[in-house]
Amino acid sequence: MDSLLRLLMGPWTTYILWVLSDGGPHRFGALKRAVPGISTRMLTERLRMLQAAGVIWRDQTQTIPPAVTYGLTERGDDLRQVLESLGQIAQRWQIEGAFEKVEVAAG
């Protein structure tokens with residue numbers, strides 16, 4: 001459990017997985033646009049880490065410039081139900097105003 005949580009708790013990691021789970025495979029540029037605020041360097045680092053862990057796949061076509069697409073592997077698909085549940089909880093909490101209270105407390 002500790003190893004899995006360490007993998008998922010890296011910066012932006014869960015959000016990247018949620019985007020790929022919710023929207024299917026994405027090309028690099030589309031994925032960067034879908035994760036607002038992430039730098040190219042950080043996205044590249046997170047994608048490499050997730051690929052090394054076997055959670056996502058990477059497909060590169062030999063075009064100019066190269067077209068690189070990322071998607072969830074079977075291992076990444078194992079996380080789909082958890083990500084959907086977290087998304088539902090986040091929506092409910094947002095409606096309840098929970099995040100506004102957190103932002104006020106943090107400020």
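Only heavy atoms go into these numbers, but all of them, side chains included; no hydrogens, no water, no symmetry mates.
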Participant: Using a 4.5 Å cut-off on heavy atoms from C-beta on, say whether the side chain of T40 contacts that of F28.
Facilitator: yes
Participant: Given H26, which of V35, V19, V68 fulfils the side chain to side chain contact (heavy atoms under 4.5 Å, CB included) condition?
Facilitator: V19
Participant: Say you draw a straight line from CG of D22 to OH of Y15; how long is it, rounded to the nearest 0.5 Å?
Facilitator: 9.5 Å
Participant: Identify whether the distance between the nearest side-chain nitrogen and carboxylate oxygen of R75 and D78 falls below 4.0 Å.
Facilitator: no
Participant: Nearest 0.5 Å, please: how far is CG in L79 from OG1 in T14?
Facilitator: 9.0 Å
Participant: Could you check whether R58 and Q60, counting side-chain N and O atoms only, form a donor-acceptor pair closer than 3.5 Å?
Facilitator: yes
Participant: Hey, is the main chain of L72 close enough, under 3.5 Å, to the side chain of W57 for a donor-acceptor pair?
Facilitator: yes
Participant: Evaluate the side-chain proximity of T13 to M49: yes if any heavy-atom separation is below 4.5 Å, no if none is.
Facilitator: yes
Participant: If you round to the nearest 0.5 Å, how far is CD1 of I89 from CD of Q94?
Facilitator: 14.0 Å
Participant: Out of curiosity, R48 CZ to E45 CD, how far, rounded to the nearest 0.5 Å?
Facilitator: 9.0 Å
Participant: CG of L17 to CZ of R46: how many Å apart, nearest 0.5 Å?
Facilitator: 10.5 Å
Participant: Do other residues, nucleotides or ligands put more than 12 heavy atoms under 6.0 Å from R6 CZ?
Facilitator: no
Participant: Checking S85 side chain against Q81 main chain: does a donor-acceptor pair fall under 3.5 Å?
Facilitator: yes
Participant: Hey, quick one: are L4 and I56 part of the same hydrophobic cluster, counting side-chain heavy atoms closer than 4.5 Å, chains of contacts allowed?
Facilitator: yes
Participant: In the single-linkage hydrophobic clustering (I, L, V, M, F, W, Y; side-chain heavy atoms under 4.5 Å), do L8 and L86 co-cluster?
Facilitator: no
Participant: Give the intermediate values and the outcome of side-chain contact (heavy atoms from CB on, under 4.5 Å) for residues L31 and L47.
Facilitator: CA-CA 10 Å; L31 188 55; L47 291 171; 3.7 Å; yes
Participant: Where the side chain of S21 meets the backbone of W18, is there a donor-acceptor pair that is under 3.5 Å apart?
Facilitator: no
Participant: If we ignore angles and hydrogens, is there a donor and acceptor under 3.5 Å between the side chains of T69 and R27?
Facilitator: no
Participant: Mark yes or no for whether K32, through its side chain, and L43, through its backbone, hold a donor-acceptor pair below 3.5 Å.
Facilitator: no
